[in-house]
Amino acid sequence: MKRWNIRQILLFSHDGRKNEITFDLEKVNIITGESRTGKSAIPEIIDYVLGSSECHIPAYVRRTLSWVGLFWKRDDDEFAMFRKVPRERAKSSGEMHYISGNNINFPNSSEEIPSSTNLDGALRKFENLLGIGDVKSETFGSQRDSKSITIRSTLPYILQDDNIITNKTTLLRGIDDYEKRQTIIDSLPYYLGIIDEKTMEKELQLKIFQKQLRRLERKQSEDDKITSNGILKAHGLVLRASQLGLCELPPVGASEEMIQSILLEVSRWTPHSQKFQEGDRLSDLQEELLEQQNEALSLKKRINHAKKSLQSANEFEDVANNQRKRLEVISIFKRPNEVHNCPLCQQKLYKEIETVKLINNVVKQVQLDLSNVKKERPKLDSYINYLKEQLSSVEEKIFRKQNEITSLIKEEENIEAGLDLKDRRNRLIGGIGLYLDSVGKIASRAQVAVGTDTNKLRKWIEALTLELDVESRKEALENVERRIAAMAKEIIAEIPFEDRYMDNPLYLNLRDIKVGVSLPTRIEYMRDVGSDENYLSLHVSMMLALHRHFAQLNRPVPGVILFDQLSRPYFPPDDEPGMIEIEEDSDRSALLQYFNLLFNEVSRGESLQVIVLEHAYFKNHPKYTEAVKKRWKKGVSGLIPIDWPEKD
């Protein structure tokens, strides 16, 4: 099982009771019922538990609930998250609790649920399990600020609620809100695999290199100024040293080498009669500089160690993925825990076969290894980026400290004139040291011009800039649009869609979230295609195509799609409020084509789970009836048991 599915929705009353809806994994799950039995609350419960800033659970349901929860599962990995339901006058609650592990035990009542964490803590834990690393959204060079990718940006690919599923202008939930729209659009390149944690690491590295280059260029410019006029500057320093009794004047016509030698000797002078007073600012600054340089060295070592760990994790994941792919070829990867079934044909085995047991153990171990790697990878990405930012900050402090020392040494001469001989000597020696240091750096640059730090940085910056080119990412996005549109075209051929469009490609623009049909001379957008049936088919085909892409690239999106009433074009809720039992020979049997499509889609083996909320009930269709998990009747049964107490 590659992707996370919802195993249960958990509901807790005010008087110590619990209700739950259990779903099958990697299958179609249907909840049928009349209007006002609580079906429309299910997408809002999912949205709320996954971090909505406001609780939109319908009031009549909300008044009966104290806590709500979601139980997620992927192979043996389990994760349950619970969120307190606010009273009607409050918008939301930040009280959360989560449980993670294998074979986890749930609270039996709301009194047993501790408020153990806040909203961000619970969501971040699930993001780590999904594999969402420390990454920001892609703005393709616009002036918009990038935002951190979170679990919230996966909701448009999970929920197709009653406001969206036949909407003529809106493909994804949240697109009609401008701020949410931009967040969805900017996060899409990450979920589509166009950018990832490695891309973000390179972008951060590019910023650090650019900052280092600017710092080195400023430093070199200062060195050049300090050593300007060459030998004249050196003679001036020797003259001042002789005036302070630190050396003898060199003979007239002394060579540059002799002048440099005298200055080097003077730079080694130390006072014998008296030490610097405690608290001397220059000494303090030099000690602080040394501490920061040691901190930078320590950070570099930690970054190198973390990178080696990340490299090992990547290599291990590649090996495990290769093993998984080999096992998938012979189709034994779906149900590794069913030790009494043949892994090839799924027939019942009446006695345990050692070979089958070994195969199952290998599959289970590969899944466990991959799961552990995926849990740790986002943490390593985040840790390395954090260390790099810390290192950049420390290097900036080092640069400022060096400038502060330089400024202190180069005080105005009129101030120096008022100092005693010892301090004047110390200041001059500091200036000579600065001069000699700058001369050495310039000489080093002249000897190895091609390999200097600045030249290396410029080459790295050029390479990273080319690799992170905005235009190439736009081209990659267009390629993904064509791939998803082609998959949607294949899917829509299985469900009702107007004949005059059937032979034309579908159109998808992910920069603006627009869909339609590509005609020979124009794009006919969804709004102009017309009819609720066409709108429904475009929504269903595009959502399934998106999830095929997510599964193929193993992207961190839960493998769940919820459709709220596929029968909407055939049985409008205002006209048909009750549960509708449909005979197979019904003139509205076109609706069954959608369900047959969903049954076929989940059987592809891509860990897709489909939840359908529906009025219709195909009583003579075995697959449909088997997929039905709940049948609710108003006043008799529903999401909320009729005897649960309400609280304002």
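The structure displayed is predicted, hence computed values, not measured ones. Position 1 is the first residue of the sequence, and the numbers go up from there.
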If you draw the axis of the six-membered ring of Y48, does the NZ or CZ of R83 fall within 45° of it and under 6.0 Å from the ring centre? yes
Can you check whether L510's main-chain N or O pairs, donor with acceptor, with E481's side chain at less than 3.5 Å? yes
Counting distance only, does the side-chain N/O of R173 pair as donor-acceptor with the main-chain N or O of I164 below 3.5 Å? no
Is the shortest distance from a Lys or Arg side-chain nitrogen in R181 or D512 to a carboxylate oxygen in the other one below 4.0 Å? yes
Distance in Å, R63 CZ paired with I57 CD1, rounded so as to fall on 0.5 Å steps: 13.0 Å
Hey, are K73 and E78 close enough for a salt bridge, meaning a charged N less than 4.0 Å from a carboxylate O? yes
With a 4.0 Å cut-off, would you call E601 and R548 a salt bridge? yes
Starting from the C-alpha separation in whole Å, work towards a yes-or-no answer on ring-ring contact (aromatic ring centres under 6.0 Å, His included) for F79 and W4. CA-CA 9 Å; F79 183 76; W4 287 89; 7.1 Å; no
As an exercise, state the distance from CG of D120 to CD of E127, rounded to the nearest 0.5 Å. 8.5 Å
Decide yes or no for Q565 and T166: does some side-chain heavy atom of the first lie under 4.5 Å from some side-chain heavy atom of the second? no
Aromatic contact between F106 and F71, with the criterion being ring centroids under 6.0 Å apart: yes or no? yes
Between L192 and L553, the two heavy atoms sitting closest are O-CD2, 3.3 Å
Check K168 with D532, please: is the shortest side-chain N to carboxylate O separation under 4.0 Å? no
K39/D162 salt bridge by N-O under 4.0 Å criterion: no
State, yes or no, whether a side-chain contact exists between L65 and L11 at a heavy-atom distance under 4.5 Å. yes
Test: E626 and K623 ion pair at under 4.0 Å: no
Check: T170 side chain, L172 main-chain N or O, donor-acceptor pair, under 3.5 Å: no
Which atom pair, heavy atoms only, marks the closest approach of I6 to L25? O-CD2, 4.0 Å
H547 and E606, any side-chain heavy atoms less than 4.5 Å apart: no
For the CG atom of L508 and the CE atom of M526, what is their distance to the nearest 0.5 Å? 10.5 Å
Salt bridge (Lys or Arg N to Asp or Glu O under 4.0 Å) partners of residues 10-22, not counting sequence neighbours, each pair once: D15-R17, R17-D643, K18-E20
In the structure I gave you, are the side-chain heavy atoms of K125 and S100 within less than 4.5 Å of one another anywhere? yes
Below 6.0 angstrom between ring centroids: does that apply to F82 and Y98? no
If only atom types and distance count, is the side chain of N29 paired as donor or acceptor with the main-chain N or O of K27 below 3.5 Å? yes
